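Chain A is the first sequence line, chain B the second, and so forth, proteins listed ahead of strands; every chain is numbered from 1. As the structure is a computational prediction, the values presented were derived from the model and not from experiment.
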Amino acid sequence: MRIACPFCGARDSGEFTYLGDASPKRPDAPIDGGTAVEDQFYDYVYLRDNVAGLTREYWYHGGGCRSWLIAERSTTTHEFKSVTAAPGAGAAKAKQAGER
Amino acid sequence: MEGSTRTVAGQSHRLGAGGQIDRNAPLNFSFDGKEMTGFAGDTLASALVANGVRLVGRSFKYHRPRGILTAGPEEPNALVELRTGARREANTRATTSELYDGLVAQSQNRWPSLRHDFMSVNQLASPIFVAGFYYKTFMWPAKFWEALYEPAIRRAAGLGKTAGIADPDHYDKAWAHCDVLVVGGGATGLAAALSAGRAGARVILCDDDSRLGGRLQSDGGVIDGVDALQWVQSAVAELSSLPNVRIMTRTAVFGVYDSGDFGALERVNDHVPQPPEHQVRQRLWRIAAKRSVVGAGAIERPIVFPGNDRPAVMMASAVRTYVNRFAALPGKRIALFVNNDDGWSTVDAIRRAGVEVAAVIDPRGKPATGDYSGIRVIQGVVADVGGSVDGVSSITVAGAGGNQKIDADCLAMSGGWNPNLALSCFHRGKPEWRDDIAAFVPANAPAGMTMAGAANGDLSLGACLRTGHAAGAMAAAEAGAKGKSGNAAKASDEAFSIKPLWHVQVKGKAFVDFQHDVTASDVKLAQREGYESVEHLKRYTTLGMATDQGKTSNVTGLAIMADAVGRSIADTGTTVYRPPYAPVAIGALAGHNRDENFHATRLTPSHHWAAERGAVFVDTGLWKRAQWFPLPGETDWLQSVTREVLAVRNGVGFCDVSTLGKVDVRGADAGTFLDRVYINAFSALGVGKARYGLMLREDGIVMDDGTTSRLAEDHYFMTTTTAKAGPVMQHLEFCRQVLWPELDVQLSSATDQWAQFSIAGPRTRDLLQALVDPSEDMSNEGFPFMGVRTVKLRGGMEARLFRISFSGEMAFEIAVPARYGEAMARNLMIAGEPFGVTPYGTEALGVMRIEKGHVAGPELNGTTTAGDLGLGKMASKKKDFIGRVLSQREALTAPDRQVVVGIRPVDKTRRLRSGAHIVPKGAVPGPETDQGYVTSVCFSPTQNQWLGLGLVSHGAERHGEIVKAHDPLRNETYDVELCSPVFYDPEGVRQRA
Amino acid sequence: MKYSIFSLARAALSSHKNWGRAWRDPAPKSHYDVVIIGGGGHGLATAYFLAKEYGIRNIAVLEKGWIGSGNAGRNTTIIRSNYMLPGNTSFYELSMKLWERMEQDLNYNTMVSQRGIINLYHSDAQRDAFARRGNAMRINGIDAELLDATEIRKILPFLNYDNARFPIQGGLMQRRGGTARHDAVVWGYARAADEFGVDIIQNCEVTGFQRTNGRITGVETSRGIIGAGKVGMAVAGSSSRVAAMAGLRLPIESHVLQAFVSEAIKPLIPGVVTFGAGHFYVSQSDKGGLVFGGDLDGYNSYAQRGNMPVMEDVCEGGMAIMPMIGRVRLLRQWGGIMDMSMDGTPIIDKTPVDGLYLNAGWCYGGFKATPASGLVFAHLLARDEPHEEGRRFRLDRFRRGAMIDEKGQGAQPNLH
Amino acid sequence: MPDFVWSSQSPLKKALVPGRHGAGKAAPGVSLSHVSDIALVQVMTRRGRNADVAKAAKKLFGAEPPAALKISSGKVVTLVWSGPDQFLAFSELPQTAPSVEQQEQAFAGSASLSNQSDGRCQIRISGPNARDALAKMTSLDLHDTVFPVGSAATTSIDHTAVNFWREADDASGNPVYVALVFTSFSDTLWHLFVESSLEYGVEVAAIGAGH
């Protein structure tokens, strides 16, 4: 399997590490958020859509340029539809996660 | 060659002329101890055929005598143990093993000999040994399964014996890249490679055989008006002249994986007795291809009738291969049993070799075209095969006029052709049924793959050349090649007609899967019992699960099942095709990475120095670390370690700690970044100061700890544990790039840049005074606890010095660029010599951290919280950090959690062992009384007893309580006292001295 | 017909013409007391125990393909109860005890073979971790032995003791561990459940749930609507997909785990050998093939196939520890869809949806759990309260922070 | 007071055995060499400061920061692309290259620097069979059209990250590649380089101190 790193081009999957679903966003965590924030974090950390089909997911090109990537990939065919850089890869200046 | 039946001396069945063999290169070989001779260009199978050998093996279950069925990788019967000693290879197909001088082969799965195989008594019990019989019996008494039944079954099963000792040969792996991968070097593949290569595409052409040509080597023909073999020669010459084409013979493409990756096995040196020096036996190729053309041909299928497994019943195409390519005669009076036109072409081959055609049996009668004058043709079927262990002597034919017996010493059969479509199905694409050729054809090939020629159901030579050319041209264009592909080669489109005949339904054992002894009646039994899904059929009868993966049997088996169920073959479908297409040696899949090269080895900057001093090394992840430094006269590791600990506690010692992960954290927001990563605050840390930090995973569990220093306003230097250096770096980059891209922070691993040594003990300052430049103030005020700065060393060197302690002693860590690591070790020895300086290893390091109650890997086990480790108070209440929220969950803050405590045996002479569980004194050990366990132990020279750390429920409140350490694995139970984890200098006076 | 050597011998006289179907092929009825989705080992065992132990006979097991076509038919057939954490230890031991009497219970030879399992260790730290585990097993009444290198060498003389990258120091052995014939387990439970009147309905895919006032009242299938008093899901590999039809998100990811088998060779390896440091475990089947595997491919997948890096990684592990297998050939590779939970431990619980019960998250450990999973899930379905041995496998444990994390990897399923 | 000598040590001091190894007697198919004294600084652009970094690099090294997947050659220093908005400033002439302090000054505020002069080990591989040997180690496509002179990549060898680039061809027109491997892995990886080359015949040389 090869993954097209937006910086390095197509590379053997052995250079990459998989993290998981890129859809969940880390919730804001006010210090006094109480159990409501726990609920949000529980959802963020533990619950997954785990779809059979196209997903957005995090890959890390740790065996290469050390960029975090967001790939659109099918879990049924393993085909990559797109691979883009995480908002903060390189010297990119983003106000917050998700901006690009 | 016409009429030349004279044979070669000593090779009873070798034609006097013809064939692609080198008669000037005779090769000696032996089979079951019998010496024989063949020629260069032979396979083991063709050499056996040429020597008149017909019995070559025994079947899996019934131990029936078996001969050579095919001439290719689909062979189910002719499996041998090839080579001897450590190089013995079980289950090696004689049909694909190239002959070399001195080859030694043994038949397998027989005792005491192939001819007289004791286990052939199984045939007597065969009425009971039907499909799945073992699921219905061997159940009583229960204990007899492991004791009696199973060992007997295991001994009887299996096929060949492996060497049982390490494989002495080398393997490696390599990558290759191309625009167009062409699989198969027959007519189709050559045409595809030519058209793609001419267009300018980077082409790799792979063929399993030692020479290109595929079936053209066996069947000949006329292409572009010349003899087919001549055409092959010129095609190969043209391909070789193209710099963008790479030809890989003896290379089998065995699998297609994601995004156009293919696996292929090159048999680099299987055709010689053993690999030359510096060369590998086999090489695994990972081929990355933009497009692929698969011209893998087709496989002829047997017909199922009683006696179809007798030696010298052979596929018709194999008969042609042996006669034409190898000038070897499978028989001297050959009968044919065919149901399709292609099978009839065997008649010509036999006639040209000057051998008698006993008869041709075809349920359709004589075909419409072709000159078969003088040939005895019987419209009918073969109902039985007579003979002995040495094979066919007669066949019984059932025709319109009843049964008749015909003398023959070989029966060539053809039930039609199955396109070799496995590669197209490895991504779980299902093939489609085509009635006109009575076969499955590819339908859903993986993206980028084009099936062509016979593999796609185009069985005529003309069609192979046309479709191969077109597929190659298309693939090249899709891959971006701009050149012209030229014209396709031309050959005739011989007619192909077939009348499906799967099974001659008469009484007698008729085999579907030869190797696994699956008969037609087994298939029907499975159907009666409800195992009618093809996958159930396969699993219940083991059809297609032998070493040939059912290449000659799967389609036939499911056709018989379809018939039994009353479904069409198309509706019945196939089982899932699974790679590898042909079996691959495990050694080749491992390549270089075996034995000591299994994983890379990391060496510390002082490694060679430590080795010179006789250090004993321990594997810590990939690192080799000095575990202790034995001195002459020391006989026991504990003696050495105790000496090292006492030397530190009473004087000074040093230890290479370069393996700790080190990260340069820089940027305007580096402090904020660390505040969010660690549970405690770092933005307020002063420049020139170090602080212990603890980081959590987002689920609130401790991830790692370490000391992080502030070297400049925008420069922190983080250390991680040795084990977690990689995962922490990945985590930090995730935080930087994904979670908080708004922060200006840059990360760089500096682990390998620095040689870092811990120097510890009350004489540390004395040692350092000797080492550092006199201008450096090393007093407690001038260099306080947790201070950090760069110092000048004597002799013209600079070092980073950190006043941190893991041992509880007055200690520093000193870091210099890695190239000076060895010099640093030597200079520490020199500087510390007056103070009895002692190098110490990881074991002494561990002893001292346990004495001091510092947690490490065994406590940071991925399930403990900061609170569990007694570090809950470190967590800032003013800021958010990774893991904060979920660390507050009820079960992670429950009062009965297992927390870190000190543990010391009440009997001071008793050895404490890690892994012992803790139960209340007086309680019966059981799930309800199991309260924790011992995580780390050491013999403490300062306390003069074994002691340890543990995780124990309510542990913090139970200091002073006597409990039991329960260690049933080592038959030990003894009293221990729970106590504070800090055994040594609990006030921390020494490290601040 | 009862299976025995005598019935076999009698059948032989009539050329085995009299054997009937091992289980019936009924058309679905309009309503069942319990519908179990998933005709794998767990689903069929659940039906068997519901009928046998809890007296519920009006049961359907719905299978979208052929029974055993999921992970029951795609595993490395290992059985063991060498777990260390409360919740796991006694559950898997219950399973082991059920394995030990399975053939007699089912009248089907599932070839349960207790030839032993050995987990090798290569460092003091690994030894200590195994000591903790082994002692936890012993405290729970489970057999375990900590062996040193000399003892390992007696049992496994063929391992690499000369030049291994990570020298073998010893191993944790469970002699009662071993293997069983995976397909036979499916068929045995199917046949036994069928005899109690359970309808096993193949080629019947569930496409939706019927709900009344929020409660599940039936399932929509490719063979029509089937009413149900209760619905139990035992569809490891597809748990998220089926749960999504009921509007549920689960703490589960689907991952591919590959396994491999070699050509059949004469007996070489006695029991199960696990080389954890090298991501390699192996046993030898009764037919003679080496059955082996290693780590997950590492990415979410429903494709039921993997890639080369893991195949290579696993073979590297094999050659590191067992260099005698260099010339043995890998015959087949396959991939199963692992229901990876967030702590590596299964879930057997009611769901927030009334009438829908969940058996999921088996990671790569589902096969060995088959009998106990069936019994515990049957108990839950019959009694509406957890079985004693399943009481910790709750769905809400992640929210509460009561994870059962044997490997300590946290909410990162591909690391479990 | 004792004398302290600070002699530098190559991480390949044991692994590297100069001379001719492997098959054949004729010209070796592969040449392997190691330069022990290198200067290497990782330069990582701070957020949004690419223009400043380009200016500073031009001034200090006489070279633009390298384009993605390329090297950029200055007078003494080669700038090797090592990821988005970062590069390595590499030199085999550390005495004449700008010092780390000079670089820190030049990039103050615009880039974060990390001295890696001892964190990486340089290995040069060349010769008619260099590509064949490398094909066993790297999944990169090294075909002339894909990886011409001046190309750079960050990739992995034996599961270990390396920086890798192609220099000008040698006098015989054979390709020349340079790999920077992590120092602690260098002993292991050197053995892999040698083993992969043995079948072609390999000439091994060490350049610089510490052997």
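Annotation: the span from I586(B) atom CD1 to F260(C) atom CZ amounts to 10.0 Å, rounded to 0.5 Å. R327(C) CZ to D169(B) CG: the interatomic distance, rounded to the nearest 0.5 Å, is 4.5 Å. Rounding to the nearest 0.5 angstrom, the gap separating the NE2 atom in H16(C) from the OG atom in S521(B) is 8.5 Å. Distance check, rounded to the nearest 0.5 Å: CH2 of W140(B) to CD of Q104(C) gives 7.0 Å. The line from CZ of R305(C) to OH of Y257(B) is 10.0 Å long, rounded to the nearest 0.5 Å. Atom CD of E145(C) sits about 9.0 Å away from atom CG of L969(B), to the nearest 0.5 Å.
Inter-residue side-chain proximity for T601(B) and R165(C) is flagged as met; some heavy-atom pair is nearer than 4.5 Å. Looking at heavy atoms from C-beta onward, R399(C) lies out of side-chain contact with E890(B) at the 4.5 angstrom threshold. Proximity of M311(C) to L589(B): side-chain heavy atoms (C-beta onward) are separated by under 4.5 Å at one or more points. Side-chain contact between R154(B) and R115(C) is present, with heavy atoms from C-beta onward closer than 4.5 Å. The shortest side-chain heavy-atom distance between T863(B) and E406(C) does not fall under the 4.5 Å cut-off. Put simply, the side chain of R329(C) reaches to within 4.5 Å of the side chain of T92(B), judged on heavy atoms. Contact check for L330(C) versus P583(B): no side-chain heavy atoms found under the 4.5 Å cut-off. Between I265(C) and Q108(B), the closest side-chain pair of non-hydrogen atoms is not below 4.5 Å.
With hydrogens and angles left out, the side-chain atoms of E150(B) and S113(C) include a donor and acceptor closer than 3.5 Å. N107(C) and K136(B) share no donor-acceptor pair across their side chains, judged by distance under 3.5 Å alone. In the model, R428(B) has a side-chain atom that pairs as donor or acceptor with a side-chain atom of Q304(C) under 3.5 Å. When only modelled atom types and interatomic distance are considered, D595(B) and N160(C) share a side-chain donor-acceptor pair under 3.5 Å.
Between the side chain of E146(B) and the main chain of Q114(C), a donor-acceptor pair closer than 3.5 Å is present. Using modelled atom types, no side-chain atom of D699(B) and backbone atom of G410(C) make a donor-acceptor pair closer than 3.5 Å. W19(C) places no side-chain N or O within 3.5 Å of a backbone atom of R528(B) that could act as its donor or acceptor partner. A donor-acceptor pair under 3.5 Å is formed between the side chain of K266(C) and the backbone N or O of A157(B). At least one donor-acceptor pair under 3.5 Å links the side chain of R539(B) to the backbone N or O of G73(C).
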Next item on the list: Could you please spell out the steps behind the side-chain contact (heavy atoms from CB on, under 4.5 Å) verdict for Q549(B) and R332(C)?
Entry: CA-CA 8 Å; Q549(B) 286 238 58; R332(C) 257 195 322 278; 3.1 Å; yes

Checklist line | Test log, rule side-chain contact (heavy atoms from CB on, under 4.5 Å), inputs H966(B) and I139(C) | finding: CA-CA 9 Å; H966(B) 182 58; I139(C) 287 170; 3.6 Å; yes

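Interface remark: F60(B) contributes side-chain atoms only to the contact with chain C (heavy atom separation under 4.5 Å). Only the backbone of P270(C) comes within less than 4.5 Å of a heavy atom of chain B; no side-chain atom from C-beta onward does. Proximity to chain B (any heavy atom under 4.5 Å) is restricted, for D124(C), to the side chain, taken from C-beta onward. Neither the backbone nor the side chain of R24(C) comes within contact range of chain B, judged by heavy atoms closer than 4.5 Å. Of the two parts of L13(C), neither the backbone nor the side chain holds a non-hydrogen atom closer than 4.5 Å to a non-hydrogen atom of chain B. For chain B, the nearby part of K2(C) is the side chain; its heavy atoms alone come within less than 4.5 Å. With a threshold of 4.5 angstrom between heavy atoms, M403(C) approaches chain B through side-chain atoms but not through N, CA, C or O. Residue R913(B) does not touch chain C at all, counting heavy-atom pairs closer than 4.5 Å. The contact between I165(B) and chain C is made entirely by backbone atoms, counting heavy-atom distances below 4.5 Å. Looking at S285(C), the atoms closer than 4.5 Å to chain B (heavy atoms on both sides) all sit in the backbone: N, CA, C or O. The contact between A303(C) and chain B is made entirely by backbone atoms, counting heavy-atom distances below 4.5 Å. There is no contact between A125(C) and chain B, counting heavy-atom distances below 4.5 Å. Residue contact with chain C, scored on non-hydrogen atoms closer than 4.5 Å, involves the side chain of S533(B) exclusively. Heavy-atom distances place the side chain of Y933(B), and not its backbone, under 4.5 Å from chain C. Heavy atoms of A125(B) lying under 4.5 Å from chain C are absent altogether. M703(B) does not touch chain C: none of its heavy atoms, backbone or side chain, sits under 4.5 Å away. Only the side chain of K173(B) comes within contact range of chain C, with heavy atoms under 4.5 Å apart.
Within the 6.0 Å centre-distance limit, the rings of F275(C) and F598(B) are counted as a close aromatic pair. Aromatic rings from Y531(B) and W66(C) are positioned such that their centres are separated by 6.0 Å or more.
For the options H536(B), E532(B), E535(B), heavy-atom pairs under 4.5 Å to chain C are most numerous at H536(B).
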